[in-house]
Amino acid sequence: MKKNLLLSILFSLIIFGCVDNSKKINKLELTEGSALNEGVSQERLLRIDDYLEKSIEDSIIPGAVALVTRNGKIIYHKAFGYENFSEKIPFEKNDIFRIASMTKAITSLAVVMLWEEGKFSLDDPIEKFIPEFKDHQILDKFNKRDSTYTTKKAKSKITIRNLLTHSSGMGYGFIDSNPAMKAIFTKNNKKFMKNGVMCFCDEDVKIQNIIKNVAKYPLHHEPGEKWTYSVGLDVLGYLIELQSGLSLSDFFQTRIFSPLGMGDTQFYIPKNKENRLVSVQTKKQGKWVDFEDERFNVNYPISGSKTTFFGGCGLTSTVEDYAKFMQMILNKGKYNNAQIIGKKTYETLVTGQGYFSSWGGVESSLAFSLSNSRQYFEKGNRGSEGVLDTGGYWNTSCVADPKENLIAILYKQTYDLESDPTTAEFRRLVFQSIVD
């Protein structure tokens, strides 16, 4: 009898233990929530409406989609204005945007996932995996008249960490900050895409050929010397393919997007979603018109070969999908019952690496711009020290504050505007709404 009683007690403990554990499981997913319940003033949050509506009325922007989360709760998600002003097509909350350089943070995550698995060291030289980067050269002298130049051999090797933190010395082609480097790139790229542009590609080109071609270009400076915005994440996109045996698109889909439930994030948009891709708009003679560029096809996500995947830009996504990605970051690697990276890897990912950009004093972590400087915070209402920042060429942006467990995303799709203060003002309005 005692034996039966003991078995009964043991059975009960197992059953109740299992039930109790199930209650403790936290999927850490984004869900709808109340601003007030999350320590945010609804009245103050609604100031965003007034500001964005006034910005559209004043023709500063044609429209936008905004999302704010706190503590894993979506407390603000609205669409404003027109994604195609001339045809009066309104923005929708689930519209798909070209997120350009916001791709970089996802590529960085993929790199540290492979680093976790022991595929390489962050301080391995990239030439170990892509030999074309051996014996790299630094720009020495440049002749403005004919764009000829001389080089000198680099003393240091480009490491994976250098590529993650924009400290490799590489440049950025047609948007390079150095006129000499831009001229060198332009002169050597008669056919724009096939010779090295790292984004917005609608041609059938091989990523390995592009990266090997990029390796021929001179560096701005010694690797590790300072911060220079570069195509380093495109090089790392190719490294991910080499080390995983998957295309970059397949790696993202199987290892990141699917586990996080990011069903609307991809490089090239399938037919059944093409109508959700918004237009790129600019202003001419005071009117909003579709933006066109002779250098590349703005509609690359729905036309062309759809075969080339770049680590530095090119993804398309929604505000809610990117919020899932950022919430996983704030959850220290976990989301939707998936542990994407470990807790200590998260800490490595968001720790400053000592390289400060020339764009407002922010520091590079391995995946984001990291706001730590007085120069950044003296402007006011920029969030907490250590806020994570990322943005894209077509005017999309995201800020995540680990201390406040808050995410603020503002997607627009514009280019070549004389002035657009709405991103900074949106963030100020988000942070002024916190009241707890």
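Numbering of residues begins at 1 and proceeds along the displayed sequence. If you're wondering where the values come from, they're calculated on a predicted model, not measured in any experiment.
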Roughly how far, to the nearest 0.5 Å, is the CZ atom of Arg276 from the CG atom of Asn94? 4.0 Å
Which distance, rounded to the nearest 0.5 Å, do you find between the NZ of Lys412 and the CG of Asp420? 3.5 Å
With a cut-off of 6.0 Å (strictly less than), are more than 12 heavy atoms of other residues, nucleotides or ligands near [atom1] of [X]?
X: Phe85; atom1: CZ; result: yes
X: Lys128; atom1: NZ; result: no
X: Lys287; atom1: NZ; result: no
X: Gln339; atom1: CD; result: yes

Look only at the side chain of [X] and the backbone of [Y], and say whether a donor-acceptor pair between them is shorter than 3.5 Å.
X: Asp290; Y: Gln281; answer: no
X: Ser365; Y: Ala367; answer: yes
X: Gln413; Y: Asn395; answer: no
X: Asp234; Y: Phe310; answer: no
X: Thr159; Y: Asn162; answer: yes
X: Asp95; Y: Glu92; answer: yes
X: Glu203; Y: Val205; answer: no
X: Thr103; Y: Leu315; answer: yes
X: Ser397; Y: Gly391; answer: no

Lys/Arg N to Asp/Glu carboxylate O, Glu274 vs Lys306, below 4.0 Å: yes
Could you note down all residue pairs passing salt bridge (charged side-chain N to carboxylate O under 4.0 Å, His left out) where residues 98-113 supplies at least one of them, sequence neighbours left out? none
Member of Tyr217, Tyr393, Tyr229 meeting the ring pair (Phe, Tyr, Trp, His ring centres under 6.0 Å) criterion with Tyr172: Tyr229
Not counting sequence neighbours, which residues clear salt bridge (charged side-chain N to carboxylate O under 4.0 Å, His left out) with Glu404? List them please. Arg70
Can you name the residues that form a side-chain hydrogen bond (donor to acceptor under 3.5 Å, both in side chains) with Lys226, not counting sequence neighbours? none
